[in-house]
Amino acid sequence: HDQFLLTLNLILPQVKRGRARALGLVGDAGTGKTRIAREFAGIARATGFTVAFATCQERSTRRDVWAFLVAQVLGIEPGIEAAQGRAAVR
């Protein structure tokens, strides 16, 4: 857990300097992925990053998760009608 967070924290300055990074946090249920992700999200927010956060549920589709993440980044209330969402980002 601590080693993984240290690695993630080393990535933040690289991203701030413009180096693109993608992160995947994968593991069996109950291994602490959500806890690590929430901790890292808090650190990233505290250092000025915009953070979108979602957890995958058993019935979640990729589309559901991406829609939820994009709505967070754009500041749109999840679950609103499409026309309202389009108007919110204009």
Side-chain angles (χ1 to χ4, degrees):
H1 168 260
D2 290 338
Q3 186 176 9
F4 195 72
L5 274 177
L6 177 63
T7 301
L8 292 171
N9 287 321
L10 291 173
I11 289 172
L12 287 177
Q14 294 175 12
V15 173
K16 252 193 175 151
R17 290 191 302 270
R19 189 164 185 184
R21 291 283 187 225
L23 299 170
L25 191 55
V26 181
D28 292 330
T31 58
K33 297 179 303 295
T34 299
R35 183 172 48 94
I36 290 170
R38 286 189 194 283
E39 259 184 78
F40 181 63
I43 293 166
R45 277 188 193 103
T47 56
F49 285 91
T50 299
V51 175
F53 190 90
T55 58
C56 295
Q57 303 302 318
E58 205 172 290
R59 293 186 203 122
S60 296
T61 65
R62 270 192 208 129
R63 183 178 180 180
D64 295 337
V65 173
W66 278 108
F68 186 73
L69 291 171
V70 169
Q72 286 181 62
V73 170
L74 296 177
I76 300 171
E77 189 68 32
I80 64 171
E81 294 297 320
Q84 291 174 301
R86 284 191 294 275
V89 295
R90 287 189 182 147

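No experiment lies behind these values; they were computed from the predicted model shown. Note: hydrogens, waters and symmetry copies are ignored here, and every other heavy atom, side chains too, is used.
- Listed here is the closest heavy atom pair of Gln72 and Val51: OE1-O, 4.2 Å.
- Side chain of Lys16 to main chain of Ile11: no donor-acceptor pair is present (N/O by atom type, distance under 3.5 Å, no hydrogens or angles).
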Residues 27-37 side chain polar contacts: donor-acceptor under 3.5 Å, at least two apart:
residue: Thr31; atom: OG1; partner: Asp28; partner atom: O; Å: 2.8
residue: Lys33; atom: NZ; partner: Gly27; partner atom: O; Å: 3.1
residue: Lys33; atom: NZ; partner: Asp28; partner atom: O; Å: 2.8
residue: Arg35; atom: NH1; partner: His1; partner atom: NE2; Å: 3.0

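- Within the 4.5 Å cutoff, no side-chain heavy atoms of Ile43 are placed close to those of Phe49.
- A 4.5 Å side-chain heavy-atom check between Leu69 and Phe53 finds every atom pair outside the cut-off.
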